[in-house]
Amino acid sequence: MKKTRVSLAGGAVAGVLLLGALAVNASADEAPPSADSGQAEKAAVPPAPPTPEWVNADGTVDESKMPEELPLIGADGKVVEDANGKPLMVKTRVKIAQSGAPQAPVAGPRAGEKRSTSTDAEGRKTETVEVEPSVPPAH
């Protein structure tokens, strides 16, 4: 098995990396530092986009300057389009209704539901619930 020594930086850090049939021993005090010094990694990161005009310097949002809709951005960072090539838009001023306090479940059968219980010879109770299938309303 071929062994190659690779330096990380000054210090006493050592480790072994197995790559298929090639073993690489890394030791902090054995090889010269890399010529690019991490420049390739920095070049792969794109620059941050400019701050929109509705975002203040302190990071707060001025809703009076914010557009009603913004384009939907996909995981690849590009605008998502529909089948006709039109950008999909997301509404920015959607109101979320406040929910009330949670309510306890109502005892007894609900609409379209039949319940019955039975007890077998060993005293085990069985509850049977018959519910008519329904489809949620379309929005």
Side-chain angles (χ1 to χ4, degrees):
M1 182 180 291
K2 181 179 177 184
K3 291 187 177 185
T4 305
R5 296 203 178 270
V6 179
S7 176
L8 298 175
V13 178
V16 176
L17 174 64
L18 295 176
L19 300 172
L22 173 68
V24 178
N25 285 339
S27 176
D29 56 343
E30 294 179 3
S34 174
D36 69 357
S37 301
Q39 294 299 324
E41 293 174 15
K42 291 178 186 174
V45 178
T51 303
E53 63 272 4
W54 62 87
V55 178
N56 300 322
D58 63 357
T60 58
V61 174
D62 183 353
E63 289 190 26
S64 67
K65 295 179 183 177
M66 190 171 171
E68 294 288 326
E69 293 182 326
L70 290 171
L72 177 64
I73 305 298
D76 59 357
K78 297 179 181 174
V79 176
V80 177
E81 297 176 344
D82 66 10
N84 297 324
K86 182 180 174 187
L88 295 178
M89 303 300 282
V90 178
K91 294 189 182 304
T92 59
R93 295 197 172 85
V94 177
K95 299 287 184 187
I96 299 174
Q98 293 286 331
S99 62
Q103 297 185 2
V106 179
R110 295 184 180 159
E113 174 179 281
K114 287 192 242 175
R115 290 178 177 256
S116 62
T117 58
S118 61
T119 306
D120 66 9
E122 285 85 35
R124 293 181 291 222
K125 290 188 176 183
T126 302
E127 180 179 23
T128 305
V129 180
E130 293 180 38
V131 181
E132 292 188 28
S134 65
V135 177
H139 292 278

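Everything quoted here is computed from the prediction, not taken from an experiment.
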Item to complete: Rounded to the nearest 0.5 Å, what's the gap from CD on E127 to OG on S116? Could you check?
Response: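 If we round to the nearest 0.5 Å, E127:CD and S116:OG are 8.0 Å apart.
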Worksheet entry | Interatomic spacing from CZ in R124 to OG1 in T119 - rounded to 0.5 Å |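 Answer rounded to 0.5 Å: 11.0 Å.
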Worksheet item: Is the shortest heavy-atom distance from the side chain of M66 to the side chain of R93 under 4.5 Å?
Response: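 They are in side-chain contact.
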Worksheet item: With clusters built from Ile, Leu, Val, Met, Phe, Trp and Tyr whose side-chain heavy atoms come within less than 4.5 Å, directly or transitively, what are the remaining members of the cluster of V79, listed by chain and number?
Response: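 Answer for V79: I73.
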Identify every side-chain donor-acceptor pair in residues 44-56 under 3.5 Å, counting partners at least two apart or on other chains, and give the distances.
from : atom 1 : to  : atom 2 : distance (Å)
N56  : ND2    : T60 : OG1    : 2.9

Worksheet item: What pairs meet the salt bridge (charged side-chain N to carboxylate O under 4.0 Å, His left out) rule with one or both residues in residues 69-87, with sequence neighbours excluded?
Response: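 Non-adjacent pairs meeting salt bridge (charged side-chain N to carboxylate O under 4.0 Å, His left out): E69-K91.
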